[in-house]
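Scroll down for the structure; my scribbles are underneath it.
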Amino acid sequence: MAGKDYYNTLGVSRGASEKDIKDAFRKLARKYHPDVNPGNKASEEKFKEINQAYEVLSDAQKRKKYDQFGENWEYAEQFKQQSGQGTSGAGFDFSQFNFGGGQGHTQFTSTDGMDNLFANLFGGARSRRAQPRRGQDIEHPVEITLEEAFGGTNRLLNLQTDDICITCSGTGRVNKSICQACQGSGAILRMRQLEVKIPTGVKTGSRVRIAGQGASGHGGPAGDLYLLISIRAHGSFERHEDDLLTTVALPLSVAMLGGEIEVPTLSGKLELKIPPETQNGRTFRLTGQGMPHLGKGNRGDLLAKMNVVLPLNLSSEERELFSRLRRLRAE
């Protein structure tokens with residue numbers, strides 16, 4: 001019951017690193033891929049064996065179990081749990097069977113467990129195929145403006161997918177209209193364009209999920225694409241969660257006597273009534289004029305901070321008026 005040696009199938013040692021295993025798989029996949037060997041049944045079967053070996057050895061948990069139990073690791077682990085490893089009393093000693101690396105002594109006290117084990121080992125186990133595997137999720141950084149976060153926006157992304165170069169088969173010659181040259185390594189970057197919608201209210205650190213647009217699966221569904229959002233700094237507005245802070249120039253005459261001024265917002269300008277004797281630095285809250293709440297219909301507030309502007313280049317008449325004011329304030 002020597003079984004298949006997945007390390008030997010990929011041509012790597014039992015202590016091979018994840019990178020060694022991946023590189024070996026790519027090299028063999030280029031050589032035995034059905035697209036490179038059309039109609040060659042032997043190459044097709046070899047490619048299946050390579051895929052099966054890589055599917056196990058590229059997964060840390062599966063590889064650990066394989067190192068312990070060998071090709072039939074799924075069944076050995078299953079019936080080890082069912083029968084109760086290490087229980088005392090009369091049982092069947094399986095230490096004479098080589099499960100691919102385990103040196104321990106395992107006893108099965110359940111005859112049902114033994115029957116099921118033999119049925120699996122000598123039945124359909126040999127024809128078992130590698131299970132479908134979902135593709136990996138991909139993260140992609142996207143920088144947008146504050147205005148785009150306010151109203152939502154679309155982006156056309158150029159995504160790169162690490163793949164095996166079937167066209168060049170390691171020669172470095174590829175169709176450059178399809179992909180970038182792999183320079184003989186067998187690894188290429190396939191380019192694809194995807195238009196995505198970024199919702200209103202996102203902020204720096206938001207993750208926008210685009211379902212099914214990640215890496216392709218191995219017989220399973222594709223992974224997801226996650227947009228990692230960052231907001232570009234704005235010259236007029238400072239964001240605090242969903243509230244916006246802006247500084248507004250307030251003429252001295254309006255600060256003293258009251259009046260109306262224009263306040264900028266992300267959706268246009270608003271008239272704000274200023275009461276008399278408004279002090280420098282006073283902040284007015286404009287409800288609902290801030291950023292949209294992500295996934296909700298309401299919005300934050302706009303905080304307008306007053307910056308009283310002193311007049312320059314006074315005329316002689318203005319100087320006389322300020323002098324008169326000073327005398328009046330001193331009485």
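- To the nearest 0.5 angstrom, Met306 atom CE is 4.0 Å from Ile261 atom CD1.
- Relative orientation of the Tyr54 and His218 rings is perpendicular, given thresholds of 30° and 60° on the angle between their planes.
- Under a hydrophobic clustering in which Ile, Leu, Val, Met, Phe, Trp and Tyr are joined whenever their side-chain heavy atoms come within less than 4.5 Å, directly or via other members, Leu294 and Val208 fall into the same cluster.
- Tracing side-chain contacts under 4.5 Å through hydrophobic residues (I, L, V, M, F, W, Y), one never reaches Leu257 starting from Val309; they form parts of separate clusters.
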- Query: Could you go step by step and tell me if Glu44 and Asn37 meet the side chain to side chain contact (heavy atoms under 4.5 Å, CB included) rule?
  - Reply: CA-CA 8 Å; Glu44 183 178 349; Asn37 304 276; over 6 Å; no
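- Distance check: Asn154 CG to Ile144 CD1 gives 11.0 Å after rounding to the nearest 0.5 Å.
- With Glu148 as the partner, the salt bridge (charged side-chain N to carboxylate O under 4.0 Å, His left out) test is satisfied by one option alone out of Arg232, Lys203, Lys197, Arg155: Arg155.
- Applying the ring pair (Phe, Tyr, Trp, His ring centres under 6.0 Å) rule to pairs touching residues 223-273 yields His234-Phe237, sequence neighbours excluded.
- Under a cut-off of 6.0 angstrom, the local environment of NZ in Lys31 is sparse, with at most 12 non-hydrogen atoms contributed by other residues, nucleotides or ligands.
- Under the 3.5 Å distance criterion, with hydrogens and angles disregarded, no donor-acceptor pair is assigned to the side chains of Tyr6 and Asp67.
- Glu277 CD: 12 or fewer foreign heavy atoms inside a 6.0 Å radius.
- Of the candidates Leu266, Leu303, Thr265, Leu244 forms a side-chain contact (heavy atoms from CB on, under 4.5 Å) with just one, namely Leu266.
- Enclosure of atom CD in Glu271 by more than 12 non-hydrogen atoms of other residues, nucleotides or ligands within 6.0 angstrom is indicated.
- Rounded to the nearest 0.5 Å, atoms CD (Gln213) and CG (Asp137) are 12.0 Å apart.
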- Message: Between Asn307 and Asn280, is the side chain to side chain contact (heavy atoms under 4.5 Å, CB included) condition met? List the steps.
- Response: CA-CA 5 Å; Asn307 179 34; Asn280 184 51; 3.6 Å; yes
